[in-house]
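Presented below is the structure to which this report refers.
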Amino acid sequence: MMAKKYQAPRGTIDYLPPESVKQLHVEAVFRDLCENYGYQPIRTPMFETTELFARGAGESSDIVSKEMYTFDDKKGRSMTLRPEGTPGVVRALIEMGWNFAQQTRLYYIGSMFRYQRPQKGRYREHTQAGLEIIGPDSVTADVEVISIGVNFLIALGLDDLKVVINTVGSVEDRTRYNEILKVFIDERHDEFCPDCHFRAEHNPMRVFDCKVPECHEILNDAPGMFDTLSKESLDRFETLKELLEAEEIEYEVDPKLVRGLDYYTHSVFEVMVRGEEGQQSSLMGGGRYDSLVELYGGQPTPAMGFGAGLERIVEAIDWEDLEEIVNPECDIAIVALGEQAQRVAVTIADKLRVAGLMVHMDHRGSSFKNQLGQANTLKAAATIILGENELEGGIVILKEMESGEQENVPLDGVVETVLQAFSTDSED
RNA sequence: GUACCUGUAGCUCAGGUGGUUAGAGCGCCUGACUGUGGAUCAGGAGGCCGAGGGUUCAAGUCCCUCCAGGUACCCCA
């Protein structure tokens, strides 16, 4: 009977070494940087009630309308695997009665799920590193968030970055703009497609997402967002640009950058690598969301955050420069010949490991030559050779790999001898 | 969701118009060198040729369906 062949669900990834190592390295860099900025970790469930996401991102957004993994639990409640991190964070804070008067900095790393056609850099389950600063509405907070994002990528060796920014105005601006847009659409009602008619009723700004070419034509005549922003919003955007310049973060303004979530206000941004063609070049995106906390029933509280796609970042990095991360160096390899020697060796190996050394040993009973070859491949600094002759003589051979020099060391106390050797080495 | 391309050893890939036991490089294992490592040479293991059907005397090769990956549209991380 042939065993059934299982395969990973479409659009998901199995991370095996060395890919798994790369992913964890990127995560570690993110955590370190977040801590420098005073952000603390938060973990929230991978699924939430469907309504949470629907209300946050907006019913008419692509994410909510066609990309969610939604299912009914056994009691018939509609649940959804999180497509993004922000709603869960905000919900959690409100639920535990968080004091929103304080300034809260949080970060998270975890899986996000979106049902879409898989492609390179586009998966149905992907890992996102994200953060939120909740409380301050100052532009300096926006700059801080963008700065972490940019510096995160720089720390990974990605320095040819393109930072794109835009403003979508305040809630009031958007309400006013939507009204103006709706009037425009109604005036030329017959020229728009049925989908756009629907959008006009529910969220007029989404007509810009329409794929029908004719609709795009007409929209060239539509009033622009910039023209309808309040002076405060425009000033705010100017300040953002000034502060970014002061930090020497180069940016481009893209008025068409709206982001796919309805809850954004004022500053929105996206970071990609230059020269990386293809549509999945965006490594991170985020923005301000001053009305989401209130929308979820909390104290009206401004906030700002971003999400970064770790798979895309891993793909963008040139790992040749980071060889030592993918293949860390080994301190000691134990060459054990014969079953008896192998049994003695495993104990020595474990003691050295507990003491903090990276120790390799072969459990297959491979040949002498092969085991020494493994030590070589792993770039072990030294080898402990333990065969039947040594066992009888109560010694081991300690071999320094680079010079090839070797000496006999008593089997009793070999762990201490080796540790001693390594501690004096590292003190130099 | 729509269109096109792809799917052969662990990895990267060869396999004109269908034709005997399916190949290479890298990697792995063994030996030359009874117990001393990056080289060289020789050998070996490892494949229901993505899955299932069909055409044919004969299918890795042609046809259909499905699955998966990639590219464009779209969306985004």
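All heavy atoms count here, side chains included; hydrogens, waters and symmetry mates do not. Residue numbering restarts at 1 for every chain, and letters A, B, ... go by the order of the sequence lines.
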Checklist entry - Does A:Arg10 have a side-chain nitrogen or oxygen under 4.0 Å from the phosphate oxygens OP1 or OP2 of B:G69? => result yes
Checklist entry - Hey, does A:Glu390 reach any base, or is it just sugar-phosphate, or nothing, if we go heavy atoms under 4.0 Å? => result base
Checklist entry - Between the side-chain atoms of A:Asn389 and the base atoms of B:G35, is any donor-acceptor pair under 3.5 Å? => result yes
Checklist entry - Across all strands, who's sitting opposite B:C62 as a Watson-Crick or G-U wobble pair, both distances under 3.5 Å? => result B:G54
Checklist entry - When all nucleic acid strands are considered with a 4.0 Å heavy-atom cut-off, which category describes A:Gln116: base, sugar-phosphate, or nothing? => result base
Checklist entry - What does A:Thr127 touch in the nucleic acid at a heavy-atom separation under 4.0 angstrom: a base, only the sugar-phosphate, or nothing? => result nothing
Checklist entry - Does the side chain of A:Tyr39 come under 3.5 Å of the side chain of A:Glu144 through a donor N or O and an acceptor N or O? => result yes
Checklist entry - Heavy atoms under 4.0 Å, any strand shown: does A:Ile385 hit a base, just sugar-phosphate, or nothing? => result base
Checklist entry - Which is true for A:Arg124 with a 4.0 Å heavy-atom rule: it touches a base, it touches only sugar-phosphate, or it touches nothing? => result nothing
Checklist entry - Crowded around A:Asp318 CG? As in, over 12 foreign heavy atoms under 6.0 Å? => result yes
Next on the checklist: At less than 3.5 Å, do the side-chain atoms of A:Gln371 and the base atoms of B:U36 form a donor-acceptor pair?
Outcome noted: no
Item to check | Euclidean distance, A:His126 NE2 relative to A:Ser111 OG, rounded to 0.5 Å | outcome: 8.5 Å
Next on the checklist: Could you identify the nucleotide paired to B:U71, looking across every strand shown and requiring Watson-Crick or G-U wobble geometry with both distances under 3.5 Å?
Outcome noted: B:A3
Item to check | Intermediate values then yes/no, ring pair (Phe, Tyr, Trp, His ring centres under 6.0 Å), A:Tyr289 and A:Tyr264 | outcome: CA-CA 5 Å; A:Tyr289 50 98; A:Tyr264 281 119; 7.0 Å; no
Checklist entry - For B:A9, what is the paired nucleotide under Watson-Crick or G-U wobble rules, both distances under 3.5 Å? => result none
Checklist entry - Can a donor-acceptor pair under 3.5 Å be found between the side-chain atoms of A:Arg117 and the base atoms of B:C73? => result no
Next on the checklist: So A:Glu388, base contact, sugar-phosphate only, or nothing? Heavy-atom distance under 4.0 Å.
Outcome noted: base
Next on the checklist: Between B:A14 and B:G25, how many Å separate the two C1' atoms, rounded to a whole number?
Outcome noted: 10 Å
Checklist entry - Under 4.0 Å between a side-chain N/O of A:Gln119 and OP1 or OP2 of B:A72, yes or no? => result yes
Next on the checklist: Using only modelled atom types and a 3.5 angstrom limit, is any donor from either the side chain of A:Lys399 or the base of B:U36 paired with an acceptor on the other?
Outcome noted: yes
Next on the checklist: Taking any heavy-atom pair under 4.0 Å as a contact, classify A:Leu310: base, sugar-phosphate, or nothing.
Outcome noted: nothing
Item to check | Assigned partner base of B:A32, Watson-Crick or wobble definition, under 3.5 Å | outcome: B:U40
Checklist entry - For A:Thr377 and B:G38, is the shortest distance between a side-chain N/O and OP1 or OP2 below 4.0 Å? => result no
Next on the checklist: Base, sugar-phosphate or nothing for A:Met401? Non-hydrogen atoms, less than 4.0 Å.
Outcome noted: base
Item to check | base_contact_polar (B:G38 base, A:Glu402 side chain, donor-acceptor, <3.5 Å) | outcome: no
Checklist entry - A:Gly404 near the nucleic acid: base, sugar-phosphate alone, or nothing, with a heavy-atom cut-off under 4.0 Å? => result base
Checklist entry - Which part of the nucleic acid, if any, lies within contact of A:Glu311, taking any heavy atom under 4.0 Å across all strands shown: a base, the sugar-phosphate backbone alone, or nothing? => result nothing
Checklist entry - Which part of the nucleic acid, if any, lies within contact of A:Gly338, taking any heavy atom under 4.0 Å across all strands shown: a base, the sugar-phosphate backbone alone, or nothing? => result nothing
For residues 12-19 of chain A, please give each side-chain donor-acceptor pair under 3.5 Å, one per line with the distance, not counting sequence neighbours.
unit_1	atom_1	unit_2	atom_2	d
A:Thr12	OG1	A:Pro9	O	2.6
A:Tyr15	OH	A:Gln23	OE1	3.0
A:Glu19	OE2	A:Lys22	NZ	3.1

